[in-house]
Trainee: 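Right, I'll just put the structure down here and ask away after.
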Amino acid sequence: MGGYIPKPFMIRTCLSVPLPSDFRFWRTVYSHGWCSLPPFQVDRENRTLSRLLELEDGTLVRCSVSSSGSRLQVEATSAGNITAARRGEIKTQLLDCLRVNEDLSGFHAEARKYREYRWIPPTGAGRMLRSPTVFEDVVKMICTTNCSWSLTEAMVKNLTGILGRPFTGGTGSFPLPAALAGVTESFIRKNIRAGYRSPFLLELSERIAGGKLEIESWRKSPLPTGELFRQVRSVKGIGEYAAGNILKLLGRYDFLGLDSWVRGKYYELHKKGRRVSDKTIEKHYAPYGRWRGLFLWLEVTRAWHE
DNA sequence: GCGTCCAGGTCTACC
DNA sequence: GGTAGACCTGGACGC
């Protein structure tokens, strides 16, 4: 029994994109935990980042990205034709995720002023991996709050596996706001295992899907950072920690985004393990101005790359 | 296997 | 503005 289900005919194409001289592929991939949350997948051995992209017309494309010399190498696979327009969109989305076109010269110039941060410019550190959409970054950030990393991984895996669109031989796409808005709170609790975060995720998705909240424009917002921070904080489920870190993915580094792990690292590095208040930490980084959140993050994760 | 405790941010109510 | 308690899950631990 069981009928024959034909496998879709897959089309494969390769792209090669030039990179700026200060770009470091692996440092960007491993800039924080996002590379291990689906639809991202990381292959440490082959130093490859994979990602299922959903293009504007709905086409799904699996991309395997690596770096050779000064170029980004992309192998793209899809069930549909990968036209010139689609190739352009794949390139745009990937460069945006990897922050390739973000100018870090101001940050590196600032780093050179401080003895403790002079190690940063030669390493090319500073770019933080982000998702193709602000929505995905915000949902994932809510899933990092008040839980272990393994639970975050489970929630995101459920989101892509249950509500995302399937693709041959891998993870599903990240669900669009409408997909998340189309289920109930109890469904999110039971199947995504998001617990008390479920009403927050549902409300966010419903507001976006219903056109009442526009968050994709945050990446190009002309608002001063403090004002943008207040806007981000107005989303239920996003507190000081989550908003501070979402801002980093929007290219603003004025907030520290402290969580228990970062605090612990700070105590280790600066206070011989002794706990201090958040105000003390904020005071420490205040002299570094608009880059303070990035200095803090690179400082506490420095050992990851050594 | 079961029960208890704890860690992890955010929200709301209250002072 | 500051604080306490509730929210939910998974892991650690003791029995």
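Side chains are part of it too, since the values below use all heavy atoms of this structure and drop only hydrogens, waters and symmetry mates. Chain naming here is simple, since letters A, B, ... match the order of the sequence lines and numbering starts at 1 in each.
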Trainee: Partners of R233(A) by side chain to side chain donor-acceptor pair (under 3.5 Å), sequence neighbours excluded?
Mentor: none

Trainee: Tell me which residues in residues 274-284 of chain A put a heavy atom below 4.0 Å from DNA chain C, sorted by number, or none.
Mentor: K279(A)

Trainee: For Y288(A), what residues pass the ring-ring contact (aromatic ring centres under 6.0 Å, His included) criterion, not counting sequence neighbours?
Mentor: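 Once residues adjacent in sequence are excluded, the partners of Y288(A) under the ring-ring contact (aromatic ring centres under 6.0 Å, His included) criterion are Y114(A), Y117(A), F295(A).
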
Trainee: Give me each pair satisfying salt bridge (Lys or Arg N to Asp or Glu O under 4.0 Å) with a member in residues 52-72 of chain A, each pair once, sequence neighbours excluded.
Mentor: E54(A)-R165(A), D57(A)-R86(A)

Trainee: Which pairs with one or both residues in residues 215-225 of chain A pass side chain to side chain donor-acceptor pair (under 3.5 Å), sequence neighbours excluded?
Mentor: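 For residues 215-225 of chain A: D96(A)-R219(A), D137(A)-R219(A), E214(A)-S217(A), W218(A)-Q231(A), T225(A)-R252(A).
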
Trainee: Tell me, which pairs form a salt bridge (Lys or Arg N to Asp or Glu O under 4.0 Å) where one or both residues lie in residues 169-194 of chain A, sequence neighbours left out?
Mentor: E185(A)-R189(A)

Trainee: Between the protein and nucleotides 10-13 of chain C, list every N/O to N/O distance that falls short of 3.5 Å.
Mentor:
residue, atom, partner, partner atom, Å
dG10(C), OP2, R193(A), NH2, 3.2

Trainee: Linking I/L/V/M/F/W/Y whenever any side-chain heavy atoms sit under 4.5 Å apart, do V134(A) and L249(A) land together?
Mentor: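 Yes.
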
Trainee: Summarise how protein sits on nucleotides 9-15 of chain B as a single string, 5' to 3': B when a protein heavy atom is under 4.0 Å from the base, S for sugar-phosphate-only contact, - for no contact.
Mentor: BSSS---

Trainee: Which pairs pass side chain to side chain donor-acceptor pair (under 3.5 Å) with one or both residues in residues 152-164 of chain A, sequence neighbours excluded?
Mentor: W149(A)-E153(A)

Trainee: Give me the bend of the helix from dG1(B)-dC15(C) to dC15(B)-dG1(C), using the axes of the five pairs at each end, rounded to 10°.
Mentor: 30°

Trainee: Does any pair with a residue in residues 255-264 of chain A pass side chain to side chain donor-acceptor pair (under 3.5 Å), and if so which ones, sequence neighbours excluded?
Mentor: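 Output for this query lists R263(A)-D278(A).
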
Trainee: Report all interatomic pairs (protein N or O, nucleotide N or O of nucleotides 3-5 of chain B) with separations under 3.5 Å.
Mentor:
none

